[in-house]
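Structure first, then comments.
As the structure is a computational prediction, the values presented were derived from the model and not from experiment. These values consider heavy atoms only, across backbone and side chains, with no hydrogens, waters or symmetry-generated copies.
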Amino acid sequence: MDMPSPRRLVLAWAVLCTLTVVSMAAGTLGAGLTGAALILAMTLVKARQILDIYLNLKAASVGWRALFTALVVAILGIVLAALALAGLLPAA
């Protein structure tokens, strides 16, 4: 099983940091449901980076990768629905 190179790990870390800063900026703008969906989409990208690079799920079969992606998408969908139902999303 091939482990990611140190360069790849640092690049993934930089992507994660950038997405975190962009998510924080988007959260302060209060863009309603669209903004929340954008933040959760960035969270999905971050989760995929962590799973693929740091946990080396890239070396796993397609089935495992699909299962973990589906679980992350389900969790993010539940979070978005809960925020919307609770009325915690600001009006756009």
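- Listed by first then second residue, pairs satisfying salt bridge (charged side-chain N to carboxylate O under 4.0 Å, His left out) with a partner in residues 32-45 number zero, not counting sequence neighbours.
- Distance check: Leu44 CG to Gln49 CD gives 11.0 Å after rounding to the nearest 0.5 Å.
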Anything under 3.5 Å between a donor and an acceptor, one on a side chain of residues 4-14, the other on a protein residue two or more places apart or in another chain? List them.
residue, atom, partner, partner atom, Å
Ser5, OG, Arg8, N, 3.1

Would you mind writing out the side-chain donor-acceptor pairs for residues 69-88 within the sub-3.5 Å range, not counting sequence neighbours?
residue, atom, partner, partner atom, Å
Thr69, OG1, Arg48, NE, 3.4
Thr69, OG1, Arg48, NH1, 2.6
Thr69, OG1, Arg65, O, 2.9

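- Taking 4.5 Å as the limit, every side-chain heavy atom of Thr28 sits out of range of all side-chain heavy atoms of Met24.
- Under the 4.5 Å side-chain heavy-atom criterion for ILVMFWY residues, no single connected hydrophobic cluster contains both Met42 and Leu16.
- The stretch residues 74-83 participates, sequence neighbours left out, in no salt bridge (charged side-chain N to carboxylate O under 4.0 Å, His left out) pair at all.
- The side-chain contact (heavy atoms from CB on, under 4.5 Å) check on Val45 picks up Leu19, with sequence neighbours excluded.
- In this structure Thr18 satisfies the side-chain hydrogen bond (donor to acceptor under 3.5 Å, both in side chains) test with no other residue, sequence neighbours excluded.
- Under a hydrophobic clustering in which Ile, Leu, Val, Met, Phe, Trp and Tyr are joined whenever their side-chain heavy atoms come within less than 4.5 Å, directly or via other members, Ile50 and Val15 fall into different clusters.
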